[in-house]
Amino acid sequence: MREDYIDRYRDLYQQHWWWRAREKLILKNLRAQQPPGGWQRILDVGCGDGLFFDHLTSFGEVEGVEPSAAAVIEAGSHRSRIHICPFDENFQPGKEFTLILMLDVLEHLADPAAALRHALTLLAPSGRLLVTVPAFKALWTNHDVVNQHVTRYTRRTFRELAGQAGLEIQAQHYFF
């Protein structure tokens, strides 16, 4: 993500209808899928400054990983729970997670299958991985350029990617 966009991201995340609606949809899904003991340990990959953490803490213990130091406010309220490093095989937090979120992350990566495979190594046996990605290359705009996206997905291309990574898809939907 370009640094000039990172500077505006917090305001957009807090005020723009798209982020508000996406957050509501994700929270509804997490509530519906939540196991009886809660999600327990949650990892938010590409968490930025932990803007979603306040909601996620109602489900369990939350931490995040963010590759861009520019996206994390050093004095931020969630800074102590954010690892600033790439999400690759070098990220080894020493624990498993019952829920891993990759919300609009994969479209930024040159090797998204490797990121999904790594997520699987961090997932507890009964854990879940929730992924959102932008859809349809035909909808590519300057927004994708500013965000430094590599691609967009369809249900078919995401299923293929998930298969390459060894994922079993339990549900797949378009929204917006």
Side-chain angles (χ1 to χ4, degrees), residues 1 9 12-14 16-68 71 78 81-83 85-89 91 93 95-109 111-136 147 149-176:
M1 194 180 306
Y9 187 81
L12 288 169
Y13 181 87
Q14 292 173 334
H16 194 277
W17 70 267
W18 187 88
W19 275 280
R20 301 288 32 89
R22 183 187 78 150
E23 181 179 274
K24 187 176 182 178
L25 183 64
I26 291 167
L27 290 170
K28 180 180 176 183
N29 185 281
L30 292 178
R31 282 186 206 97
Q33 299 296 319
Q34 183 171 229
W39 289 109
Q40 298 173 358
R41 288 178 309 283
I42 302 165
L43 179 65
D44 187 358
V45 178
C47 67
D49 197 32
L51 296 172
F52 200 29
F53 281 23
D54 288 336
H55 292 292
L56 292 175
T57 56
S58 68
F59 295 103
E61 177 187 322
V62 182
E63 60 187 274
V65 59
E66 172 55 51
S68 173
H78 302 295
R81 293 183 283 145
I82 299 172
H83 305 270
C85 61
F87 184 73
D88 59 21
E89 67 279 349
F91 176 69
K95 62 180 97 170
E96 292 182 325
F97 297 91
T98 52
L99 175 64
I100 298 178
L101 303 171
M102 298 180 92
L103 306 176
D104 297 317
V105 169
L106 297 177
E107 65 274 12
H108 297 272
L109 306 177
D111 190 356
L116 290 173
R117 283 191 294 274
H118 185 55
L120 284 176
T121 70
L122 301 175
L123 202 59
S126 61
R128 296 279 177 97
L129 174 63
L130 177 64
V131 177
T132 63
V133 293
F136 305 115
N147 278 281
H149 290 174
V150 175
T151 192
R152 284 176 163 256
Y153 295 88
T154 62
R155 285 169 43 160
R156 181 186 58 77
T157 61
F158 186 80
R159 260 193 320 276
E160 290 169 359
L161 173 65
Q164 291 170 15
L167 287 173
E168 175 188 322
I169 295 177
Q170 293 183 348
Q172 189 177 21
H173 309 279
Y174 289 116
F175 63 94
F176 304 137

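This one's a predicted model, so the numbers in the text were calculated from it and none came from an experiment.
- Contact record, E96 with A124: OE1-CA, 3.7 Å, taken as the closest heavy-atom pair.
- Contact of the T57 side chain with the R81 side chain is registered, since non-hydrogen atoms from C-beta on lie closer than 4.5 Å.
- Checked against the 6.0 Å centroid threshold, Y174 and F136 count as a close aromatic pair.
- Look at E63 and K95 and you find a salt bridge, because one of the NZ, NE, NH1 or NH2 atoms lies within 4.0 Å of a carboxylate O, short of that distance.
- A donor-acceptor contact shorter than 3.5 Å links the side chain of H118 to the backbone of F91.
- The closest donor-acceptor contact from the side chain of R155 to the backbone of H173 lies at 3.5 Å or more, if one exists at all.
- Taking CG of D104 as the reference point, atom OG1 of T132 lies at 3.5 Å (rounded to 0.5 Å).
- Side-chain contact between P112 and Y153: present, with at least one pair of heavy atoms (C-beta onward) separated by less than 4.5 Å.
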Checklist entry - Run the side-chain contact (heavy atoms from CB on, under 4.5 Å) check on L106 and L161 step by step: do they pass? => result CA-CA 10 Å; L106 297 177; L161 173 65; 4.2 Å; yes
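- Scanning all heavy atoms of the two residues, the minimum distance from A165 to A113 falls at CB-O, 3.7 Å.
- The side-chain heavy atoms of R159 and Q172, taken from C-beta on, include a pair separated by under 4.5 Å.
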Walk me through it: do D44 and L56 pass the test side-chain contact (heavy atoms from CB on, under 4.5 Å)? CA-CA 9 Å; D44 187 358; L56 292 175; 4.0 Å; yes
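- F53 and C47 get closest at one heavy-atom pair: CE1-CB, 3.8 Å.
- The heavy-atom pair separating P86 from V65 by the smallest distance is O-CG2, 4.4 Å.
- Ring geometry for H16 versus W19: interplanar angle over 60°, hence perpendicular rather than tilted (30 to 60°).
- Of the options L103, L116, L167, I169, a side chain to side chain contact (heavy atoms under 4.5 Å, CB included) to V131 is made by L116 and by none of the others.
- Defined by atom type and a distance below 3.5 Å, a donor-acceptor pair is present between the side-chain atoms of Q170 and R128.
- For the pair R20 and Y13, the distance from NZ or CZ to the six-membered ring centre is under 6.0 Å and the angle to the ring normal is within 45 degrees.
- Atom NE2 of H55 is separated from atom NZ of K24 by 11.5 Å, given to the nearest 0.5 angstrom.
- In this structure, the separation between CD on E23 and CD on Q14 is 10.0 Å, given to the nearest 0.5 Å.
- Rounded to the nearest 0.5 angstrom, L101 CG and L30 CG are separated by 6.0 Å.
- Distance alone, capped at 3.5 Å, places no donor-acceptor pair between the T151 side chain and the E107 backbone.
- L109 has its side chain out of reach of V150: every pair of non-hydrogen atoms, C-beta onward, lies at least 4.5 Å apart.
- Taken from CG in L129 to CZ in F97, the straight-line distance is 12.5 Å, to the nearest 0.5 Å.
- In this structure, M102 and A119 approach most closely via the heavy-atom pair SD-CB, 4.2 Å.
- Annotation: side chain of H78 is not in contact with side chain of V62 (no heavy-atom distance under 4.5 Å).
- Under the 4.5 Å side-chain criterion, counting only non-hydrogen atoms from C-beta, L99 is not in contact with Q33.
- Counted by atom type alone, H83 and E66 present zero donor-acceptor pairs between their side chains at under 3.5 Å.
- Atom CD1 in I42 sits 7.5 Å away from atom OG in S58 (nearest 0.5 Å).
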